[in-house]
Amino acid sequence: MISRYWSYIKKHWYFFLFGPIFVILSAILEVTLPKITANLINNGIANGDISYIVKQSILMMVIALVTMVSSVLGAIFAINASTRFGANLRRDIFARVQKYSFANLDHLTTGSLITRITNDVTQMQAFVQNMLRMMLRAPTMMIGAMIMAFQLNLSLAMVLCVVIPVLMLSLILLIRGSLSRYSGMQAQLDLLNTQIGESIENERVIKSFAREDFEREKFYTVNDTLYKKSIHALKVMLWIAPICTIAINVATIATVWIAGRQIMIGNMELGTLTAFITYLSQILTQVRVMSIVFERWSRAKASANRIREIFDEELDLTDEESGDCKVEKGSIEFQNVSFRYFKNRREKVLNNISFRIEAGQTVGIIGSTGSGKTTLISMIPRLYDVDEGAVLVDGVDVKAYSFENLRKGIAVVLQKNMLFSGTVRENLYWGKEDANEEELDEASLHSQSSEFLSTFKDGYETELGHGGINLSGGQKQRLCIARALLRKPKILILDDSTSALDTATDAKFRKALREEASDITCLIIAQRISSVMDADRILVMDNGRIVGNGTHAELMRSCQVYREIYLTQKEGDAAND
């Protein structure tokens with residue numbers, strides 16, 4: 001486990017070096033104190049030698065002071081080492097997740113990723129700190145105390161030879177049994193985080209359907225399962241304390257019994273017994289400390305395995321072999337493109353798609369729900385890669401572009417309009433970080449956002465809640481469009497991005513798009529034919545295939561699917577009137 005994380009240790013090697021040095025120094029000094037105490041009793045107090053007593057007392061005070069300083073320094077270095085380890089690991093995990101494609105994110109849920117970046121990294125960080133402070137201190141004190149114990153009295157030391165192996169074996173069996181239980185506990189924590197995130201994010205829907213009781217029961221079920229799995233994992237470790245206590249008591253009784261007889265016949269001095277009992281206590285206490293370290297290790301190992309899955313997740317989209325080309329014009333071509341979300345299934349989401357869009361054209365894409373419209377446009381910025389065929393932008397396969405160059409030339413407004421907490425201005429800066437006031441005004445005007453922004457007291461400085469929760473659906477859509485327009489892309493993709501706009505606002509936006517962004521290649525996915533009927537061309541999709549390609553008038557004559565959609569919507573509009 002350590003070899004995988006060696007780079008995080010090497011980066012801050014001085015903390016990982018000096019921390020253990022001071023910890024080991026404090027342990028060695030602490031081991032010497034019982035021996036000095038024994039000499040103080042045997043040679044000083046027993047003989048009434050005041051000078052000897054004073055000298056030994058001063059020596060003990062100096063050693064205690066140095067021990068304290070060493071312990072504090074060791075703790076400071078250990079805390080710095082573990083904190084930096086955790087911060088760097090968390091940073092790299094987040095960076096790795098940022099490289100994930102949509103397919104990778106479909107595999108690892110949001111709740112699971114949050115747990116791994118937070119709780120699992122915390123477990124690793126705690127283990128590193130314990131390793132530097134306890135794992136080195138405990139063996140040092142155990143070995144030092146045992147050496148001193150054997151030097152003091154060989155027959156008494158034989159008690160340790162019996163007690164310690166039995167105690168260590170018991171602890172190892174307990175720790176081995178806890179490893180799989182901790183893995184199950186962390187997996188259940190994933191589910192809990194997923195449940196919490198989903199419930200909070202959809203609170204308005206829950207309240208609208210009066211499903212609070214249902215959601216509460218779902219949460220209680222997941223929470224109770226986590227409680228049971230936590231108890232199941234932790235109750236194994238509850239045996240550590242009583243087992244160590246029994247071992248200490250048994251060893252102490254045996255020591256007193258053997259030493260008592262030796263003292264009675266004059267083969268042992270009282271100071272030696274006192275020192276030995278102290279060493280015995282030190283040894284068995286450090287065994288217990290070691291058990292805590294191993295318990296932390298079992299938890300950290302379970303977390304390390306889960307973190308490893310993030311780094312080992314194969315990236316199905318990379319741009320390592322890309323060139324330096326950039327999107328210059330915005331033409332798009334699909335050449336016999338097929339795609340499956342689940343590669344082991346025969347059914348294709350896109351089936352042998354071919355078409356070409358010239359730079360500057362506006363193309364509408366329409367079709368029934370599930371016909372593959374969103375999947376189709378996801379191939380252009382490489383949110384997914386095609387299984388068969390090729391997607392070309394400006395005559396170049398999209399795989400030949402770096403992600404940065406390709407996506408800088410393409411602006412996508414997805415179905416789900418996502419804004420971030422912060423001001424309107426900060427959200428618009430996602431389109432262009434250094435946009436000036438004139439550019440913000442222009443993008444707001446063309447997206448029809450200026451209509452409602454002018455009613456806000458703070459304008460662009462208006463604070464948005466999480467996900468733009470304090471805006472209406474139409475307002476969020478228009479801000480997302482403004483953000484995309486600020487990028488001044490060569491290709492603009494609107495994935496059902498005007499569905500929440502009323503007909504008049506939608507018409508104003510399309511008019512502004514034609515007049516002010518005529519050089520942009522624009523793809524508009526829409527449910528309403530009225531949103532795309534003025535486009536240069538319209539693609540009609542059905543069951544992953546293109547069944548119609550032409551203008552509104554051409555499709556009304558040649559495409560039955562398009563004609564049926566048009567007549568159905570026309571009848572609906574007439575009924576509403």
Quiz prompt | Test side-chain contact (heavy atoms from CB on, under 4.5 Å) applied to Ser26 and Thr67, step by step | solution = CA-CA 5 Å; Ser26 67; Thr67 301; 4.1 Å; yes
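- In this structure, Gln98 places its CD atom where more than 12 heavy-atom neighbours from other residues, nucleotides or ligands lie under 6.0 Å away.
- Proximity of a side-chain donor or acceptor of Arg116 to a complementary backbone N or O of Arg306 within less than 3.5 Å is detected.
- Between the Asp397 side chain and the Ala400 main chain, no donor and acceptor come within less than 3.5 Å of each other.
- Ring geometry for Tyr14 against His12 counts as perpendicular: the plane angle is over 60°, on a 0 to 90° scale with 30° as the lower cut.
- Between Cys480 and Leu419, the closest heavy-atom pair is SG-CD2, 3.9 Å.
- Two residues are said to be in side-chain contact when any heavy atoms from C-beta on lie closer than 4.5 Å; Glu426 and Phe420 fail this criterion.
- The shortest non-hydrogen separation linking Thr462 to Gly459 is OG1-O, 2.7 Å.
- Annotation: side chain of Thr225 is not in contact with side chain of Lys228 (no heavy-atom distance under 4.5 Å).
- The minimum heavy-atom distance linking Ala484 with Leu492 is given by the pair CB-CD1, 3.9 Å.
- For Glu437, the CD atom sits in a packed shell: over 12 heavy atoms of surrounding residues, nucleotides or ligands are nearer than 6.0 Å.
- Looking at heavy atoms from C-beta onward, Met68 lies out of side-chain contact with Ser71 at the 4.5 angstrom threshold.
- Side-chain atoms of Ile380 and Val393, non-hydrogen and from C-beta on, do get closer than 4.5 Å to each other.
- Asp92 and Tyr8 share a donor-acceptor pair across their side chains, judged by distance under 3.5 Å alone.
- Glu30 places no side-chain N or O within 3.5 Å of a backbone atom of Ala27 that could act as its donor or acceptor partner.
- Here the CZ-OG distance, from Phe127 to Ser303, works out to 11.5 Å after rounding to the nearest 0.5 Å.
- Scored by the side chain to side chain contact (heavy atoms under 4.5 Å, CB included) test, Ser449 finds Ser444, Ser447, Phe452, Leu453, Arg478, Leu479, Ala482 as partners (sequence neighbours excluded).
- Using a 4.5 Å heavy-atom threshold, the side chains of Leu226 and Asp224 count as separate.
- The minimum heavy-atom distance linking Ile63 with Leu33 is given by the pair CG2-CD2, 3.7 Å.
- Of the possible polar contacts, none joining the Asn119 side chain to the Thr115 backbone as a donor-acceptor pair under 3.5 Å is found.
- Phe456 and Leu471 make their closest contact through CZ-CD2, 3.8 Å (heavy atoms, listed as atom of the first residue, atom of the second, distance).
- Applying the 6.0 Å contact sphere to CZ of Phe94 captures no more than 12 heavy atoms from other residues, nucleotides or ligands.
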Exercise. Under the side-chain contact (heavy atoms from CB on, under 4.5 Å) rule, what do Tyr429 and Leu486 come out as? Steps first, then yes or no, please.
Key: CA-CA 8 Å; Tyr429 279 167; Leu486 266 174; 5.7 Å; no
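- Glu461 contributes no side-chain N or O that, together with a main-chain N or O of Asp458, makes up a donor-acceptor pair within less than 3.5 Å.
- You'll find the side chain of Val62 stays beyond 4.5 Å of the side chain of Leu65, heavy atoms only.
- Residues Ser82 and Gln125 approach most closely at O-CG, 3.1 Å, considering heavy atoms.
- Once rounded to the nearest 0.5 Å, the distance linking NZ of Lys476 with CG of Leu464 reads 10.0 Å.
- By the 4.5 Å heavy-atom criterion applied to side chains, Tyr460 and Thr423 are not counted as neighbours.
- Checked for salt-bridge contact, Glu347 and Arg340 miss the test: no charged N lies under 4.0 Å from a carboxylate O.
- Remark: side-chain polar atoms of Tyr227 are not paired, donor with acceptor, to backbone N or O of Val222 under 3.5 angstrom.
- Aromatic ring orientation, Phe18 versus Trp13: tilted (interplanar angle from 30° to 60°).
- Look at Lys348 and Glu388 and you find a salt bridge, because one of the NZ, NE, NH1 or NH2 atoms lies within 4.0 Å of a carboxylate O, short of that distance.
- Here Asp495 contributes atom CG and Ile377 contributes atom CD1; the two are 4.5 Å apart, rounded to the nearest 0.5 Å.
- In this structure a side-chain-to-backbone donor-acceptor pair under 3.5 Å is missing from Arg137 to Val23.
- For the atom pair CG of Leu406 and NZ of Lys326, the computed distance is 13.0 Å after rounding to the nearest 0.5 Å.
- Of the possible polar contacts, none joining the Arg483 side chain to the Lys432 backbone as a donor-acceptor pair under 3.5 Å is found.
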Practice problem: Could you give me the CA-CA distance, side-chain angles and deciding distance for Tyr401 and Asp394, then say whether side-chain contact (heavy atoms from CB on, under 4.5 Å) is met? | Solution: CA-CA 11 Å; Tyr401 291 91; Asp394 288 346; 3.8 Å; yes
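- Here the straight-line distance linking atom CD1 of Ile307 with atom CG of Asp312 works out to 12.0 Å at 0.5 Å rounding.
- With hydrogens and angles left out, the side-chain atoms of Arg84 and Asn80 include a donor and acceptor closer than 3.5 Å.
- Expressed to the nearest 0.5 Å, how far CG of Leu350 lies from CE of Met379 amounts to 5.5 Å.
- Ion pair Glu313/Arg308 not flagged as a salt bridge, since none of the NZ, NE, NH1 or NH2 atoms sits closer than 4.0 Å to an Asp/Glu carboxylate oxygen.
- At distances below 3.5 Å, at least one donor-acceptor pair connects side-chain atoms of Arg407 with backbone N or O atoms of Pro381.
- Taking a cutoff of 4.0 Å between a charged side-chain nitrogen and a carboxylate oxygen, Glu328 and Lys490 do not qualify as a salt bridge.
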Practice problem: Give the intermediate values and the outcome of side-chain contact (heavy atoms from CB on, under 4.5 Å) for residues Phe77 and Phe16. | Solution: CA-CA 7 Å; Phe77 280 110; Phe16 287 89; over 6 Å; no
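- Looking only at atom types and distance, the side chain of Asp319 has no donor-acceptor partner in the side chain of Ser402 under 3.5 Å away.
- In this structure the side chain of Leu317 never reaches within 4.5 angstrom of the side chain of Tyr100, judged on heavy atoms.
- Tyr384 and Tyr341 have their aromatic ring centers within a separation under 6.0 angstrom.
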